[in-house]
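Counting starts at 1 for both ligands and their atoms, following the listed order. Since the structure is predicted, the reported quantities are computational estimates derived from the model, not experimental observations.
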Amino acid sequence: MFHLVLFGPPGSGKGTQSVRVAEKFNLVHISTGDIFRREIREKTHLGVKVQGIIERGELVSDELLIEIMESTLNQHPEVAGFVFDGFPRTLRQASDLDALLDKRGGEVDMVVALEVDDREIINRLLKRAEIEGRKDDTREVIENRIAVYNSQTQPLIEYYKKRGQFTPVNGIGSIDEIFASICRVVEYYL
Ligand code: ADP
C-alpha cells in the first residue's frame, strides 16, 4: 500500500493536484476539507459542530480528525493506497497518522510539498473567493489560515525532513507543469 501526503499551505493547489495524482496512480483521494464541506452542506451533526471553526479559519480538533481518518480508511479496504490532502496539519495528527498506518501494516511513504509564497497564496485565495464563494476565503480569514498554517502545520516540514520523506516541488506554474513535477518525484520513488 502506498501512502502519499500532499502537503502545502492553503491555496497551494493540493486539492487540484491530489485528484489528478490519485487518478494517475490509482489511489484513493482523501481531502479532509472536502469531507468537512460535505458534512456542513448536509447539516450533519459533525457539520454543525465544525462549521464555525472552519469559517473562522481555525483548525478542527485533532481527536475528531483521527476519528474521521480511521473511519475513512476503513471504508476502502482493498485499494492500492491513499493520497492525503489537508491532513496531517499538526504534529499530533502526524503522529496519530503514523500510529494508524502502523496498525494497518503501512506507513507514510512520501510527503510531496507544494511550495508557494504568501503573496501568491493570498491572490489565489481571493480569486477563488470570487469564483466559489467559500466562506473561509475572505481576506481576514485567509490571513488567519496562513497564520495557523505557519504556527501549527509548518513544523511538520522538519518532522518529515528528519525521516527523509520530505520532497519539495515548485507550486508555481501551470497546473499541468506542477502535475508533471509531482509525477516525476512519485515515479522516482515507486
Ligand atoms: P485549504 O484550502 O486552506 O487547504 P481545506 O479545504 O483543506 O483548506 O480545509 C478547510 C478547513 O477545514 C481548514 O481551514 C480547517 O478549518 C478544516 N480542516 C481541514 N483539514 C483539517 C485538519 N487536518 N485538521 C484540522 N482542521 C482541518
Within the protein, residues bringing a heavy atom under 4.0 Å of ligand 1, chain by chain: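 Answer by chain and number: P10, K14, T32, G33, F36, R37, I54, E58, L59, V60, L65, G86, F87, R89, Q93, R128, R134, D136, R145.
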CD (E140) with more than 12 external heavy atoms under 6.0 Å: no
salt_bridge(K24, E187) N-O dist < 4.0 Å: yes
Residues D137 and R124 bridged, charged N to O under 4.0 Å: no
is_close_aromatic(Y189, F2), centroid dist under 6.0 Å: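 That pair passes the under 6.0 Å test.
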Whichever hydrophobic residues join V141 through chains of side-chain contacts under 4.5 Å: none
T44 and E39: side chain donor to acceptor below 3.5 Å: yes
